[in-house]
Amino acid sequence: FFFQAEDGIRDAQESRGLGDVYKRQVHGYKLYQFHNGDILDLSWSEDSQFLLTASIDMKVALWDIDYSEPYKVFEHSDVISAVDYHPKHTEIFATGSFDKTLRIWDSDSATIILTTEFDDSITSLAYSPEGNYLVIGFSHGYCKVLSYTCLLYTSDAADDLLCVDLGGRRIIKK
C-alpha cells in the first residue's frame, strides 16, 4: 500500500506513529457498502476471494471482492456479533448472535447446516487454525471450545452431542 502524504507518496513501511497515519489518505481501496448499521466482525475466505461482514442489522453479507454488491445475505433474529470462515472447508462459515444461537452455514447452497441455542448471547467466535475446534465467547465472560467434527454443547440442564457430517451435510443427534 502507498499513502498520499502532504509531501508526496510514501510506502506504508515508512509510516511511524499515529500522527503520520492520520495525515495520509489511503489510495487503491474498494468500498463495500450494504449494511444499515455497524459492522462488528469480518472474515476472509482462505483464497481471499470472498469476505464476510457481520452487522448489528442482523445480517451477514457475503462479498465476492470483484463486485460491489453482496453475493449472498444471511440473517439471524438479533445482532450478529461474530463470523468466521472454516479454514479447511471454504464453503462453510459460522455465525454467532445476540439471539444466543450459533449457526453453521453452507455458503454455496445458502443453507443452515446447524443451529445450536445457548444460554447467553454470543459475542465472539473463531475456528482453530486447523479447523478442528470452534471457540465461542459469551456475554457473561466465559467461552466454550467445541469439537468441529462433533460439536459438543454442554449446559447445566443436559448434555447434547451434535455431530455434523460435512460430506453429507447430515446432523446426527445423540
Side-chain angles (χ1 to χ4, degrees), residues 1-4 10-15 18 20-22 24-116 118 121-139 143-149 151 164-167 169:
F1 287 102
F2 289 92
F3 295 94
Q4 178 68 45
R10 292 191 191 152
D11 188 283
Q13 296 295 327
E14 292 180 6
S15 178
L18 291 177
D20 288 342
V21 174
Y22 287 120
R24 294 177 169 83
Q25 284 186 320
V26 178
H27 294 277
Y29 68 89
K30 187 166 186 175
L31 180 66
Y32 299 95
Q33 192 168 4
F34 166 76
H35 292 287
N36 293 318
D38 297 345
I39 293 174
L40 300 180
D41 202 10
L42 307 159
S43 183
W44 283 104
S45 63
E46 185 181 22
D47 63 3
S48 299
Q49 182 62 39
F50 296 97
L51 175 67
L52 292 166
T53 56
S55 174
I56 65 171
D57 66 5
M58 303 180 285
K59 296 177 183 170
V60 168
L62 170 61
W63 302 88
D64 180 326
I65 63 164
D66 293 332
Y67 300 94
S68 59
E69 294 292 324
Y71 179 60
K72 294 179 183 174
V73 177
F74 307 86
E75 296 187 31
H76 275 261
S77 62
D78 204 340
V79 170
I80 302 174
S81 54
V83 65
D84 199 23
Y85 264 110
H86 189 281
K88 302 294 181 192
H89 300 281
T90 56
E91 76 282 5
I92 304 297
F93 69 93
T95 57
S97 173
F98 288 0
D99 66 10
K100 302 179 182 180
T101 62
L102 163 72
R103 290 188 179 161
I104 308 294
W105 300 85
D106 180 323
S107 63
D108 289 346
S109 63
T111 58
I112 300 169
I113 297 172
L114 172 89
T115 298
T116 301
F118 292 92
S121 295
I122 297 172
T123 56
S124 60
L125 59 79
Y127 281 104
S128 63
E130 291 299 315
N132 298 332
Y133 300 98
L134 179 65
V135 63
I136 303 170
F138 294 92
S139 59
C143 61
K144 291 185 179 185
V145 178
L146 309 176
S147 167
Y148 180 69
T149 54
L151 289 173
V164 177
D165 173 6
L166 287 178
R169 308 288 190 259

With a 4.5 Å limit on heavy-atom distance, are the side chains of W105 and L62 in contact?
-> no

Using side-chain hydrogen bond (donor to acceptor under 3.5 Å, both in side chains) as the criterion, list what pairs up with S43, not counting sequence neighbours.
-> D84

E91 side, atom CD; Y85 side, atom OH - distance, nearest 0.5 Å = 10.0 Å

Distance col, row M58:CE vs H35:NE2, nearest 0.5 angstrom, shows 12.5 Å

Can you list every pair that meets salt bridge (Lys or Arg N to Asp or Glu O under 4.0 Å) and has a residue in residues 129-138, with sequence neighbours left out?
-> K88-E130

Who passes side-chain contact (heavy atoms from CB on, under 4.5 Å) against S128, sequence neighbours left out?
-> N132, Y133

Flag the pair F74 / F93 as yes when their ring centroid distance falls below 6.0 Å, and as no otherwise.
-> yes

Separation of D57 CG from E75 CD (nearest 0.5 Å) | 8.0 Å

Nearest heavy-atom approach of S107 to T90 is OG-O, 4.3 Å

Which heavy-atom pair separates D78 from S97 by the least distance, and what is that distance?
-> O-OG, 3.4 Å

Closest approach of F98 and S81, non-hydrogen atoms and distance?
-> CE1-CB, 3.6 Å

Are the side chains of W44 and I65 in touch, meaning some heavy atoms are under 4.5 Å apart?
-> yes

Scanning both residues in full, the closest heavy-atom pair of P87 with Y127 reads CD-CB, 3.7 Å

Any sub-3.5 Å donor-acceptor pair from D106's side-chain atoms to D108's backbone N or O?
-> yes

Would you say the side-chain atoms of S121 pair up with the backbone N or O of K100, donor to acceptor, closer than 3.5 Å?
-> no

Do the side chain of D41 and the main chain of A54 share a donor and acceptor less than 3.5 angstrom apart?
-> no

Any chance you could measure L114, atom CG, to T101, atom OG1, to the nearest 0.5 Å?
-> 10.0 Å

Any side-chain heavy-atom pair of F138 and K144 under 4.5 Å = yes

Minimum heavy-atom separation for T95 to L125, with atom names?
-> C-CD2, 3.5 Å

Please round to the nearest 0.5 Å and tell me the distance separating atom SG of C143 and atom CD1 of I136.
-> 9.5 Å

side-chain contact (heavy atoms from CB on, under 4.5 Å) evaluation trace for V60 with H76 = CA-CA 9 Å; V60 168; H76 275 261; 5.6 Å; no

Would you find more than 12 non-hydrogen atoms of other residues, nucleotides or ligands less than 6.0 Å from E46 atom CD?
-> no

Shortest non-hydrogen contact between I92 and I113, atoms and distance | CD1-CD1, 3.3 Å

Determine whether L134 and H86 make a side-chain contact, defined as any pair of heavy atoms from C-beta on separated by less than 4.5 Å.
-> no

Walk me through it: do I80 and L40 pass the test side-chain contact (heavy atoms from CB on, under 4.5 Å)?
-> CA-CA 8 Å; I80 302 174; L40 300 180; over 6 Å; no

Are side-chain heavy atoms of L102 and L146 found at a separation under 4.5 Å?
-> yes

